[in-house]
Protein chains: 2
Amino acid sequence: MAVTEPHTEPHVDTREALLDAAEKLFSEHGIQASSLRMITQQAGANLAAVHYHFGSKEGLVRAVFARRLRPLEEERLRLLVACDEAGEAGVEQVLAAFVAPLLRRVRETPEGGQDFARLMGLAFMEPSEELRSMLLEEFRTTADRFIAGLHERLPHLSRQEMIWRFHFSAGAMAHVVSCSQMVERFSAGLCKCGDHESLLRYLVVFLASGLKAPATMGAELQGEPA
Amino acid sequence: MAVTEPHTEPHVDTREALLDAAEKLFSEHGIQASSLRMITQQAGANLAAVHYHFGSKEGLVRAVFARRLRPLEEERLRLLVACDEAGEAGVEQVLAAFVAPLLRRVRETPEGGQDFARLMGLAFMEPSEELRSMLLEEFRTTADRFIAGLHERLPHLSRQEMIWRFHFSAGAMAHVVSCSQMVERFSAGLCKCGDHESLLRYLVVFLASGLKAPATMGAELQGEPA
DNA sequence: GTCTATATAGCGATAGAC
DNA sequence: GTCTATCGCTATATAGAC
């Protein structure tokens, strides 16, 4: 018993509880449709707590994304550096460094990983200009380094085509992660979206083959030589 | 002057003006964030007109998507049938039948095609269950037929892997169409998202190579023989 | 730091005149 | 088919007690 205050009993941390609740509700209903009332109720906190901890709903939204994106991008870059240091790493290993950290997080999220997966999908589509700028900055470093890492291993591509192919790859990954439920429904259950092991292999094989394809002829309109 | 009523002067059609305004605002701010007041003001119509013509906001949303999706899916299926009748069409032609109708519509939309492109991106990510069900049904026929058409030309793939690869392709396309502005910003303008001619070729080459890749070994957990 | 109470504004929907 | 007016509700945000 001792001298611990008996009246507080925070949920471990109100701030963290708010982030958890917001993440869950955003992924289920979208950002706009998740009111602060729903979020604070889910978190077992008071309506005013959001403004105390995050200043505004916008601040909460930014914090929700930053909490997940920052470690994700760090892990991707760490694995990319490991590829470069290993020396022997090919396109497949670089791709895996990009895809695996995301898939692992989806797998490890409770409730089937749908929350985290849909949240990442939302990030790309969110129309709020302020949030989009933040996400763009968050992704920029990673994108630039992976494009460079892939280009070293695919020198037959022009810079322009290399960039496009990277974004094709990112799109395939983003779509399949955030819409895997839809794929499962479309395939009448044949494609289990919970089987991330197979999905990672399928995806890396597909993307590596696309990336390695010979350069497209006659598509460059500007004079980009190689 | 004659006997034409001077007081009506409809925008050609209030119903159509509402759909145009809603589409524009949805793509700019998202569905939830676009209020009926904003939409009717933009359309030069009265607030009550939405409920007269569409019954509710939900009805308007469905109509906005149906107006664009139905002709798109019809054109895709028409081109796919043409591929089968031609007999000689390979994976590339089937892919083009899937991708080109979307890219053409993006190109032909006023204001740089951003409205239509972002609207399609929104469609995949929209959390409203009712709208998602409608969109799923809208896409199902097309998806099933294209998967079948591709599988005929790629018999070395298991049905499971064929379905995954189709969705990888759809994801790459969807992402690049709805986020092409982001790609342009990331590439410091090197990748012009307005150059749909090049984009189509880049995309078809990339996806065809991915689709044609040898089957992934050791990924099927269920006993799918071929 | 957490609460209640409230300010201020916007929402979708509808009734009923024209 | 289009309008005005309004109902009933919810939203974000804040002030001030504890």
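We name chains A, B, ... by the order of the sequence lines, and we start the count at 1 in each one. Computed from heavy atoms alone, side chains included, the values below leave out hydrogens, waters and symmetry copies.
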> Which nucleotide in the set C/dC11, C/dT2, C/dA13 lies at the smallest distance from any side-chain heavy atom of A/T14?
C/dT2
> For A/A49, report the nucleic acid contact type (base, sugar-phosphate, nothing); a contact means any heavy atom under 4.0 Å.
nothing
> Measuring from the side chain of B/L36 (C-beta onward, heavy atoms only), which nucleotide among C/dT2, C/dA13, C/dA15 has the closest atom?
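Selected nucleotide: C/dA13.
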> State whether the distance check finds a donor on one side and an acceptor on the other, under 3.5 Å, for side chain B/R37 versus base C/dG10.
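Answer is no: no donor-acceptor pair is held.
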> Can you tell me how far C1' of D/dA11 sits from CD1 of A/I31, to the nearest Å?
16 Å
> Examine D/dT10: is either OP1 or OP2 under 4.0 Å from a nitrogen or oxygen in the side chain of A/S35? Give yes or no.
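For A/S35, the contact criterion (side-chain N or O under 4.0 Å from OP1 or OP2 of D/dT10) is not met.
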> Rounded to the nearest Å, what distance is computed from the OH atom of residue B/Y52 to the P atom of nucleotide D/dG1?
3 Å
> Round to the nearest Å and state the distance from A/K57 atom NZ to D/dT10 atom P.
15 Å
> Over 60° means perpendicular and under 30° means parallel, so classify the ring planes of A/H175 and B/H167, tilted if in between.
parallel
> Starting from C1' on D/dA11, measure out to NE2 on A/H29 and report it in whole angstrom.
16 Å
> Holding to ring pair (Phe, Tyr, Trp, His ring centres under 6.0 Å), I want the full list of residues that pass it with A/F54, two or more places apart in sequence or in another chain.
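So A/F54 forms no ring pair (Phe, Tyr, Trp, His ring centres under 6.0 Å) with any residue.
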> Would you be so kind as to tabulate the donor-acceptor pairs closer than 3.5 Å made by side chains of residues 134-143 of chain A, with sequence neighbours excluded?
residue : atom : partner : partner atom : Å
A/E137  : OE2  : A/R140  : NH1          : 3.3
A/E138  : OE1  : A/R70   : NH2          : 3.3
A/E138  : OE2  : A/R70   : NE           : 3.1
A/R140  : NH2  : B/R185  : O            : 3.0
A/T142  : OG1  : A/E73   : OE1          : 2.4

> Please report the distance, rounded to the nearest Å, between NE2 in A/H53 and C1' in C/dT2.
9 Å
> Send over the distance from B/Q41 CD to C/dG12 P, rounded to a whole Å.
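After rounding, the gap between these two atoms is 13 Å.
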> Could you check whether any side-chain N or O of B/Q160 sits under 3.5 Å from a backbone N or O of A/L190, counting only pairs where one atom can act as donor and the other as acceptor?
yes
> Which whole-number value in Å describes the distance from B/I39 CD1 to C/dG10 C1'?
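It works out to 14 Å between those atoms.
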> Return the nearest nucleotide to the side chain of A/L47; candidates are C/dA13, D/dA13, C/dT4.
D/dA13
> Taking the inter-plane angle between the rings of B/F206 and A/F206 on a 0 to 90° scale, is it parallel (under 30°), tilted (30 to 60°) or perpendicular (over 60°)?
perpendicular
> Ignoring backbone atoms, establish whether A/N46 has a side-chain N or O less than 4.0 Å from OP1 or OP2 of C/dG1.
no
> Quick one: is D/dT14 close enough that its OP1 or OP2 comes under 4.0 Å of any side-chain N or O from A/H51?
no
> To the nearest angstrom, how far is B/Q32 atom CD from C/dG12 atom P?
9 Å
